[in-house]
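Heads up, the thing below is written out as structure tokens.
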2 protein chains.
Amino acid sequence: MGGTTKTIGAVERAFEIIEAIERLESAGASAIADELSLSKSTAYTHLHTLQEIGYLRKEDGHYRLSGDFLRLGTAVQQGFPVYRRGRSHVEELADRTGERANLVVEERGKGTCVHAANAGGAADGAMTRGERRHMHATATGKALLAHLPEDRVDEIVETHGLPSFTDHTITSREALESELAEIRETGIAIDAEESILGLRCFAAPILVEETVIGSVSVSGPSRQFTDPDREPELTEAVRETANVIELDFVFG
Amino acid sequence: MGGTTKTIGAVERAFEIIEAIERLESAGASAIADELSLSKSTAYTHLHTLQEIGYLRKEDGHYRLSGDFLRLGTAVQQGFPVYRRGRSHVEELADRTGERANLVVEERGKGTCVHAANAGGAADGAMTRGERRHMHATATGKALLAHLPEDRVDEIVETHGLPSFTDHTITSREALESELAEIRETGIAIDAEESILGLRCFAAPILVEETVIGSVSVSGPSRQFTDPDREPELTEAVRETANVIELDFVFG
DNA sequence: ATACCTTTTCATCGATAGTGAACGACATCC
DNA sequence: GGATGTCGTTCACTATCGATGAAAAGGTAT
């Protein structure tokens with residue numbers, strides 16, 4: 001485990017400041033110094049540096065993150081082949097079902113949302129672009145886990161644990177494993193308010209050459225999603241979308 | 001002009017590395033050291049640091065930007081009120097016209113695209129999310145310039161100049177000024193292949209309390225956009241969209 | 001086996017990032 | 001209006017730490 005190599009403190013501090021600004025929306029030198037227990041001068045020099053290179057913009061004395069992060073974020077997004085090929089299909093899924101549709105990939109043991117398509121539907125609690133969530137508590141995460149090598153799953157569970165978010169969250173390795181087996185059979189992962197109360201979600205894995213490269217989902221309020229008529233419609237739509245994206249990889 | 005304050009070299013270097021990775025898509029320590037003329041060990045320590053704090057991920061020996069930048073980018077986007085209120089209207093504009101629609105704000109003297117809505121149409125050359133362009137050479141930029149205080153326009157021209165991108169780019173302050181006056185009259189800014197050959201674009205400013213907070217546009221290949229029947233349709237659609245967003249600010 | 005990549009580690013040294021104190025500007029309070 | 005508090009900004013100082021080259025460790029092809 002190589003984790004002992006030295007790291008550069010100034011860079012770590014810079015990103016702590018960036019994340020503090022993300023949290024506070026905007027902040028001045030004193031607020032940052034306060035928030036992170038830094039000296040005012042240190043906070044100031046960092047803010048000044050980040051502004052000089054363009055990553056912060058100053059608006060009446062308060063610093064905010066600049067559009068350059070938006071540019072980098074877009075580059076990251078485009079860097080996922082599954083986004084480039086899947087985006088339009090996820091949009092169609094949202095249009096077709098009238099619900100929020102997400103495209104998720106695994107990153108560092110968590111599920112990262114690389115695209116979120118709204119079809120006007122209220123998306124309370126649904127993942128937003130760039131957001132990362134525990135995999136065992138989300139439909140998209142479980143769809144990914146179900147097709148990851150077993151030792152990778154072990155690793156992930158060991159690193160992040162199985163924290164509980166609601167009464168329905170899966171918290172034991174055995175329960176998780178049996179659910180993953182079921183997902184492998186049905187091709188559909190379900191989040192029944194396991195991550196957020198009131199939020200239900202259906203997801204399907206995207207498999208290319210026996211490897212999961214992502215998962216797609218639709219999600220919405222539990223009330224609408226428990227309508228027995230809708231479940232087959234929604235799961236089928238999700239499954240089909242995943243399939244279309246898979247085919248896009250093979251041909252296209 | 002306060003530009004003499006000290007800046008933190010390590011942080012500047014870190015972002016140079018981040019931008020190099022953005023350019024190269026993915027890279028190892030040697031490639032970065034090469035690209036930026038750094039020692040291999042320096043490049044390595046920086047990469048290692050950025051990976052430790054999660055902003056880079058390592059994939060078979062190559063570093064890539066991580067989803068954390070996507071999260072920051074989304075936060076930046078949400079930080080623009082004009083995005084929060086305008087997004088859906090820009091989507092509708094794209095659907096309605098069948099063309100690429102953009103939402104742009106001014107940042108540090110350039111136009112930054114905060115949202116890009118595709119309606120399937122080929123978007124060659126159109127701005128992408130987070131991209132920044134010179135204002136004098138784009139419809140969205142000119143729509144903004146037309147309603148910025150005159151001294152601000154002076155400042156911007158002084159800072160960024162009026163570089164030429166095609167034969168049609170405006171390169172003199174006088175020509176720019178007369179065009180801005182026309183935009184103020186008609187309410188529509190036109191980019192007639194001034195930024196990129198073959199790309200035509202119509203934009204309208206979004207004014208709230210006499211202040212420009214952004215601009216919207218549709219753009220597409222010159223061939224389609226010179227159809228005399230479409231111009232009134234497109235300009236009208238753009239104008240209306242800007243108007244709806246303005247109203248959303250006043251009420252809503 | 002060889003040569004040639006790469007990434008990673010290490011000790012050394014000089015630059016520099018962090019610090020606290022101080023200043024000017026701007027509010028707020030009594 | 002004088003006092004007090006807070007803010008951003010600057011400065012000189014010094015211990016820290018980031019940069020460095022050399023060399024080790026790992027990988028791949030020849």
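Owing to the predicted nature of the structure, the values given are computational and were not obtained by experimental measurement. Sequence lines set the chain letters: A, B, ... in the order given, protein chains first and strands last, and positions in each chain run from 1.
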Looking at DNA chain C, which of residues 23-42 of chain B put a heavy atom within less than 4.0 Å of it?
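When residues 23-42 of chain B is checked for heavy atoms under 4.0 Å from DNA chain C, the hits, listed by number, are G28(B), A29(B), S30(B), K40(B), S41(B).
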Between dT8(C) and Y44(B), is there an OP1 or OP2 to side-chain N/O distance shorter than 4.0 Å?
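Yes, within the criterion.
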E210(B): partners by side chain to side chain contact (heavy atoms under 4.5 Å, CB included), with sequence neighbours left out
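Expected list: none.
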Test side chain to side chain contact (heavy atoms under 4.5 Å, CB included) applied to A33(A) - qualifying residues, sequence neighbours left out:
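Testing A33(A) for side chain to side chain contact (heavy atoms under 4.5 Å, CB included), a comparison that skips the adjacent residues, returns K40(A), A43(A).
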Distance in angstrom units between [X] [atom1] and [N] [atom2], rounded:
X      : N       : atom1 : atom2 : value
H46(A) : dT16(C) : NE2   : P     : 15 Å
I8(A)  : dT20(D) : CD1   : C1'   : 12 Å
K58(B) : dG26(D) : NZ    : P     : 13 Å
E12(A) : dG18(C) : CD    : C1'   : 15 Å
R13(A) : dC17(D) : CZ    : C1'   : 10 Å
E52(B) : dG18(D) : CD    : P     : 14 Å

Of all residues at least two apart in sequence or in a different chain, which pass the salt bridge (Lys or Arg N to Asp or Glu O under 4.0 Å) check with R84(A)?
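Partners of R84(A) by the salt bridge (Lys or Arg N to Asp or Glu O under 4.0 Å) criterion come out as none, since no residue qualifies.
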At under 4.0 Å between heavy atoms, what does T7(A) touch on the DNA or RNA strands: base, sugar-phosphate, or nothing?
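The answer is sugar-phosphate, as T7(A) gets under 4.0 Å only of primed atoms, P, OP1 or OP2.
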Please work out which of the three classes, parallel, tilted or perpendicular, describes the rings of H160(B) and H134(B), given edges at 30° and 60°.
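The arrangement is perpendicular - the two ring planes meet at more than 60°.
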Summary of salt bridge (charged side-chain N to carboxylate O under 4.0 Å, His left out) pairs that have at least one residue in residues 242-252 of chain A, sequence neighbours excluded:
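Sorted result for residues 242-252 of chain A: R85(A)-D248(A).
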Identify, between K6(A) and G9(A), the residue whose nearest nucleotide on DNA chain C lies closer to the 5' end.
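Comparing both residues, the 5'-ward one is K6(A).
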List the residues meeting ring-ring contact (aromatic ring centres under 6.0 Å, His included) with F69(A), not counting sequence neighbours, and say none if there are none.
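ring-ring contact (aromatic ring centres under 6.0 Å, His included) check on F69(A) returns Y55(A).
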Report the residues that fulfil ring-ring contact (aromatic ring centres under 6.0 Å, His included) with H115(A), sequence neighbours left out, ordered by chain and then residue number.
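Only Y83(A) meet the ring-ring contact (aromatic ring centres under 6.0 Å, His included) criterion with H115(A).
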Between the two ends of the helix from dA1(C)-dT30(D) to dC30(C)-dG1(D), what is the bend in degrees, rounded to 10 degrees, where each end axis spans five pairs?
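The two end axes of the helix from dA1(C)-dT30(D) to dC30(C)-dG1(D) meet at 40°.
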Residues that R64(B) engages under side chain to side chain donor-acceptor pair (under 3.5 Å), provided they are two or more places apart
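In terms of side chain to side chain donor-acceptor pair (under 3.5 Å), with neighbours along the sequence ignored, R64(B) is linked to no residue.
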Quick check for you: among dG18(C), dT8(C), dT9(C), whose closest atom lies nearest to any side-chain atom of T5(A)?
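The answer is dT9(C).
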